[in-house]
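Naming convention: chains lettered A, B, ... in sequence-line order (proteins, then strands); numbering from 1 in each chain.
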Number of protein chains: 4
Amino acid sequence: MDQTDTVTRILDTAEVLFAERGFAETSLRNITGKARVNLAAVNYHFGSKKSLIQAVFSRYLDPFTERFHRALDDLEARYPDKDIPLEELLETMARTVLEVPAERHSLKVFMRLLGLAYSQAQGHMRRYIQEEYGSAFTRFTELVRQATPTLPDAERFWRLHFVLGSVIFTLSGLDALRDIAEKDYGEHVTVRDLIRRMRPVVVAALQAPLPPVPALRSEASG
Amino acid sequence: MDQTDTVTRILDTAEVLFAERGFAETSLRNITGKARVNLAAVNYHFGSKKSLIQAVFSRYLDPFTERFHRALDDLEARYPDKDIPLEELLETMARTVLEVPAERHSLKVFMRLLGLAYSQAQGHMRRYIQEEYGSAFTRFTELVRQATPTLPDAERFWRLHFVLGSVIFTLSGLDALRDIAEKDYGEHVTVRDLIRRMRPVVVAALQAPLPPVPALRSEASG
Amino acid sequence: MDQTDTVTRILDTAEVLFAERGFAETSLRNITGKARVNLAAVNYHFGSKKSLIQAVFSRYLDPFTERFHRALDDLEARYPDKDIPLEELLETMARTVLEVPAERHSLKVFMRLLGLAYSQAQGHMRRYIQEEYGSAFTRFTELVRQATPTLPDAERFWRLHFVLGSVIFTLSGLDALRDIAEKDYGEHVTVRDLIRRMRPVVVAALQAPLPPVPALRSEASG
Amino acid sequence: MDQTDTVTRILDTAEVLFAERGFAETSLRNITGKARVNLAAVNYHFGSKKSLIQAVFSRYLDPFTERFHRALDDLEARYPDKDIPLEELLETMARTVLEVPAERHSLKVFMRLLGLAYSQAQGHMRRYIQEEYGSAFTRFTELVRQATPTLPDAERFWRLHFVLGSVIFTLSGLDALRDIAEKDYGEHVTVRDLIRRMRPVVVAALQAPLPPVPALRSEASG
DNA sequence: TATGAATGAGCGTTCATTCAT
DNA sequence: CATGAATGAACGCTCATTCAT
């Protein structure tokens, strides 16, 4: 159009609506209507709704992974011969997560999208994210492994996902939870506050004692 | 119909499909088709799709809250004069969560629905759950408060949500994560395993040291 | 609706519009608009546009094949021990073709549809017709074979298709050609006239002398 | 573009796709995509899709009519005072039909296009062909009239269209029919074979005895 | 002279819901 | 009590065409 590029207008509007209502509940007419762009423009520029969704993600994840890799490079350079402490790793992750969307977009939106992607039908978005951006996560996981050498691998796997769940769930539902917190405890939290609060919890979670070995018995579960 | 009640057939089918694909992605045609029930039966028996969704939840949550209240009654009776230990509270919660769906339905489905409800459009489900079943959560929260007297209220609020996020995220994505875990670490986990693994992590998370007070500075966040 | 059944209204309108404009050029909105029926009714009753097209054909071809088989039964009963003369076969075919649509529908429309089906993209209609109604054609072909014992099989195959082309082409373009004929020769032809005119031509075509055997030489052709 | 002229690229691609799928089923995106040419190029060079279709026809019919007129000139020169025999006329027609597309294009495509033009929506193509190229057909018809002086004019008109139908129908459906013929009779036919086969049939058809005069009775037909 | 971008109209299909029986 | 039929709205997408450069 005139002031902003059509593609950008679509992406900006789409990410907000997707985050607010979910993918299926957001129609292309919603998006193009709000973005004041022709309906056909989405299919012209992105090919399909599914591709638009992926483009919305890429716009967050591409700079994120790039920056994250660079931050990990720096970190490894600072600890040339010994393992990077867990706190440093988490600190780096937190900093990168905060930096990237802060530049142009909203962290809340980003987290909400991430939450949606993980709860989506058939997990096709989960698969897409895994394929495109799995390498950064793998690298991070490996560094965490070196930082927690006594933790069994399977245990670490699950604990990292516990933590991931905490982060995505809390940050993606931020608005609602913040309202409750403000009403009940009179304090207005920012994303930074929340991340500050999370840090000791995450460290404690990862370093918690191992669960007792279960007594052997056959069991089934749905 | 004949063998099973139409209402039950619809509920049984709906909960599975909702859990698999989400609410918006599951049409009444999907449900009635698979349940081999007339299309109009949903609107006839439930009034609307939204009401059907709520009915699916009620069928899980009604017995759950009832049983949970009874379990807490027992617990309070066992600790008449002093606070209930945190581990006991968590144990009771875990046991009730495991018991209820095990009777007729799937815990995985239940958790998936819970996760969807929290990530779903407009949060109308979140609101519904809060209104209908908030009392049980509030009672539990209060007992946790007594069990962790040194924790500031706001801190406890957030940590409980961190934990809630862990549980819902991990259990609702169980199938996918289980596949990865099985492939990478060769161990097949059951829901019981997972809950056993969660216990020390949750305790550690709730008892983690407080974060340092931030230096005062003005800050903004999206 | 009120006077006529919705399904019939759709079929009646569809066959006329399809015959006039072709399948791709006729939209469901064209049909439902002219039939004064809800747009969704087509998909409700037929499932898809493709199925509607096939239903239009079935309504002609089902009674046709049934009646044709019966007519051939009669014919075979009348010639218990010797071959049925070619003229009788053609006469029976012509009579059946004339009878069936005359009852409720238009022969012109039927032929036009047949012509369209044969010239259609990817020939999926041709395939459908072959599968559903090929047996009647095969039976007729076999009787023609017995009636023209001196004709090589391949030659008969091609000549039958020459004739089929004549019939479909002429009858499906009947309106336009009739206008020209009326203007130029002052005679108004009916379908019956045309079929009467075709009979000696078809017989002559099938009984024409064989072409000379070509001198052997390598040749290519697109 | 670079190697071949854009206009030619479009025409070459269009005629193939049109012949394969029909006009309505072939989009300008199909054409320009396959021709690796800009989408707007069709409208730029041809003005509209309809004009492109006509251009595709002209590229076949212009040289055909020119050559056909010349061939008829030659023929008339060889028979200065008496009528040209029917076989000679048909031979000349067949030769010209075979010659023209053989130079650069495919006869199959040409016939398929011709068949489509006759069965296509509203007959606007039929009208266009009639207007642009009717003179050649008229001249040929007149020569046939002289070659078959005993045939009533109306009869000749219809018989010529019977024959036209045979040719167009058979040649435009050549691929499918050839497959069947090859499977059932083990012989691979070329276009030349088919035309050789057609010749005696066409002669016989045109020279068939007249049909009996119908007994007078009022009759109606749809 | 070409072309990337954009457009308005229309496509087949699916949706949750309602209605008459 | 239950259901086949129907409906209006909306869906994602594709269309031929136009426009600004």
Qualifying residues under salt bridge (Lys or Arg N to Asp or Glu O under 4.0 Å), relative to D/Asp175, sequence neighbours excluded: D/Lys108, D/Arg178

Between E/dG10 and C/Arg29, counting only base atoms on the nucleotide and side-chain atoms on the residue, is there a donor-acceptor pair under 3.5 Å? no

A/Val109: which residues meet the side-chain contact (heavy atoms from CB on, under 4.5 Å) condition with it, sequence neighbours left out? A/Glu15, A/Ala19, A/Tyr60, A/Ser106, A/Leu113

Figure out the CD/P separation between D/Glu25 and E/dG12, and round it to whole Å. 12 Å

Output the rounded distance in Å from CG (C/Asp5) to C1' (F/dA6). 12 Å

side-chain N/O D/Ser27 vs F/dC15 OP1/OP2, d < 4.0 Å: yes

With sequence neighbours excluded, residues passing side chain to side chain donor-acceptor pair (under 3.5 Å) with A/Ser58: A/Tyr128, A/Tyr133

Just so I know, are the side chains of B/Glu132 and B/Gln54 near enough to count as touching, which here means a heavy-atom distance under 4.5 Å? no

A/Ala40: partners by side-chain contact (heavy atoms from CB on, under 4.5 Å), with sequence neighbours left out: A/Asn38

Length of the CG-C1' vector between D/Asn38 and F/dT17, whole Å: 13 Å

If the condition is side-chain contact (heavy atoms from CB on, under 4.5 Å), which residues does C/Leu17 pass it with, not counting sequence neighbours? C/Thr13, C/Glu20, C/Arg21, C/Thr26, C/Asn30, C/Ile31, C/Lys34

Rounded to whole Å, CD1 of D/Ile31 lies from C1' of F/dT14 at a distance of 15 Å

Could you check how far CG of D/Leu28 sits from C1' of F/dT18, rounded to whole Å? 13 Å

Applying side-chain contact (heavy atoms from CB on, under 4.5 Å), can you list everything that pairs with D/Leu11, at least two apart in sequence or on another chain? D/Val7, D/Phe46, D/Leu52, D/Ala55, D/Val56, D/Arg59

Rounded to whole angstroms, how far apart are CD1 on D/Ile10 and P on E/dT1? 15 Å

I want to confirm an ordering. Mapping B/Asn30 and C/Ala24 to their closest nucleotides on DNA chain E, which one lands closer to the 5' end? C/Ala24

Stems involving DNA chain F: give each as a range paired with a range, ordered by first number, where a stem means at least three consecutive Watson-Crick or G-U wobble pairs under 3.5 Å. E:2-21 with F:2-21

So does A/Thr6 get a side-chain nitrogen or oxygen closer than 4.0 Å to the phosphate oxygens (OP1/OP2) of E/dA6? yes

Taking side chain to side chain donor-acceptor pair (under 3.5 Å) as the definition, give me every residue that meets it alongside C/Glu66, ordered by chain and number, with sequence neighbours left out. C/Arg70

Does anything in residues 41-50 of chain B reach DNA chain E, meaning a heavy atom under 4.0 Å, and if so which residues? B/Asn43, B/Ser48, B/Lys49

Could you give the CG-to-C1' distance, from B/Leu39 to F/dT7, as a whole number of Å? 12 Å

Base, sugar-phosphate or nothing for D/Thr26? Non-hydrogen atoms, less than 4.0 Å. sugar-phosphate

Nucleotide F/dA6, atom C1' - distance to CZ of C/Arg36 in whole Å: 16 Å

Report yes or no: does D/Arg9 contribute a side-chain atom to a donor-acceptor pair with the main-chain N or O of D/Arg36 at less than 3.5 Å? yes

